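Right, one structure below, let's go through it.
This is a predicted model, so every value here is computed, not measured. Every chain is numbered from 1, with letters handed out A, B, ... down the list of sequences.
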2 protein chains.
Amino acid sequence: MKYKYSKQREYIKEYIMGRTDHPTADMVYKAVKKDLPNISLATVYRNLMVLADMGELNRLSIGDSSDRFDPKTNDHPHFVCKECGSILDMEEEKIDEISKKFSLEMPGEITSYKLTFYGICEKCKASENSGYMENNKKSA
Amino acid sequence: MKYKYSKQREYIKEYIMGRTDHPTADMVYKAVKKDLPNISLATVYRNLMVLADMGELNRLSIGDSSDRFDPKTNDHPHFVCKECGSILDMEEEKIDEISKKFSLEMPGEITSYKLTFYGICEKCKASENSGYMENNKKSA
DNA sequence: CTGCATGCAAATCTTTTGCATAAGA
DNA sequence: TCTTATGCAAAAGATTTGCATGCAG
């Protein structure tokens, strides 16, 4: 729990903090590499874990291959576009609000949650007809 | 989309259908291997994908290392015990009910969701004092 | 027969680790 | 000086894939 300063972590943190697109470790690596050409992917992973441990960011898996990193450290729902792959933050929902909304029997004491919606974002829906393509994935 | 019958798939399907514990591919493999000693893990993965494609099961990632397979094909919330690792199904919630409960702005058209609660199940909470241990993971 | 399915091994991918060296306190 | 951090390469774990052969239609 006793971490000492490192330039690498500084850059990694700063990069993540400036994003809302939930980058993967590799995306962070590629980005930070521009400023610190010698940084290694292992260092990125290690620091991402340290930062998560320090409560500076959250790690999340949305179902696809790699984990994502989010500077928003509170639990909140996400929206994943099946078309362009973008991951959007949604308005925050405190866990007890969710518990209330879901009048489900909770099979235990809840400490956190993950809520992800899948669909087609406005941008993609709009561009579906115009043949425009915004992000990654194939537009079928 | 044209699948022909296979004994392997038959057994895999039957195994999954009889479970509520969301087994991993490897768990399915080990279980089915008792009846079909020559089956390979690759075949299990392939058939799990086929079955998912046929709508016979759902694949889900709860955050930890391996994906899980669920015979319940409709969207429904899950509860994951951080203590024993067990994954429990929760009462079903139709997507539009969720949308209503969350008076969030949906950044697009929603087609499905994943909702997972993390906490400590009743069993573990009860046994925490008695030193009893139910499932896998370490009890800290 | 003809083509999908299987078993096996090798290949991928993502994430973690071991280790010698560098850097922070 | 003592300890944590880094870079590199190797290891690990999960899932996928190539290929020759087997089985269903």
B/Ser6 vs C/dT6: side-chain N/O to OP1/OP2 distance below 4.0 Å: yes
Side chain of A/Tyr45 - closest among C/dA25, C/dT14, D/dT15: C/dT14
Residue A/Ala42, side-chain heavy atoms: nucleotide from D/dA5, C/dC4, D/dC8 that is nearest: D/dC8
Between C/dT2 (P) and B/Tyr3 (OH): distance, integer Å: 24 Å
Whole-Å distance separating the OH atom of A/Tyr11 from the P atom of D/dG7: 13 Å
Closest to the B/Thr43 side chain, choosing from D/dA5, D/dT15, C/dT6: C/dT6
Integer-rounded Å distance: C/dA5 C1' and B/Arg9 CZ: 8 Å
B/Ser40 side-chain N/O to C/dC8 phosphate OP1/OP2 under 4.0 Å: no
Side-chain N or O of A/Gln8 closer than 4.0 Å to phosphate OP1/OP2 of C/dA23: no
Common cluster, B/Met27/B/Leu60, ILVMFWY with side-chain heavy-atom separation under 4.5 Å: no
Atom-pair distance (OH on A/Tyr29; C1' on D/dC8), nearest Å: 10 Å
Sugar-phosphate only, base, or nothing, as touched by B/Asp26 at under 4.0 Å among non-hydrogen atoms: nothing
Spacing between A/Arg68 atom CZ and C/dT14 atom P, to the nearest angstrom: 10 Å
Check: B/Arg9 side chain, B/Val44 main-chain N or O, donor-acceptor pair, under 3.5 Å: no
Residue pair A/Lys33 / A/Tyr29, side-chain donor-acceptor N/O under 3.5 Å: yes
Interatomic distance where CG belongs to B/Leu60 and P belongs to D/dT15 [whole Å]: 12 Å
Proximal nucleotide (of C/dT15, C/dA5, D/dT15) relative to the B/Lys4 side chain: C/dA5
Along DNA chain D (nearest heavy atom to each residue), the more 5'-positioned of B/Arg46 and A/Leu36: A/Leu36
Residue B/Ile39, side-chain atoms from C-beta onward, closest of D/dG7, C/dG7, C/dT15: C/dG7
Quiz item: A/Lys2 side-chain donor-acceptor pair to D/dT4 base, under 3.5 Å: no
B/Tyr5 or B/Lys33, whichever maps to the more 5' nucleotide of DNA chain C: B/Tyr5
B/Asn38 side chain near C/dC8 phosphate (N/O to OP1/OP2, under 4.0 Å): no
Integer-rounded Å distance: D/dA14 C1' and B/Ile62 CD1: 15 Å
Between A/Tyr15 and A/Asp35, a side-chain donor and acceptor under 3.5 Å: no
Where A/Asp89 and A/His22 come nearest, the two heavy atoms and their spacing: OD1-NE2, 2.8 Å
Distance in angstrom units between A/Met54 CE and D/dT4 C1', rounded: 14 Å
Closest contact, heavy atoms only, B/Asp70 versus B/Lys72: OD1-N, 2.8 Å
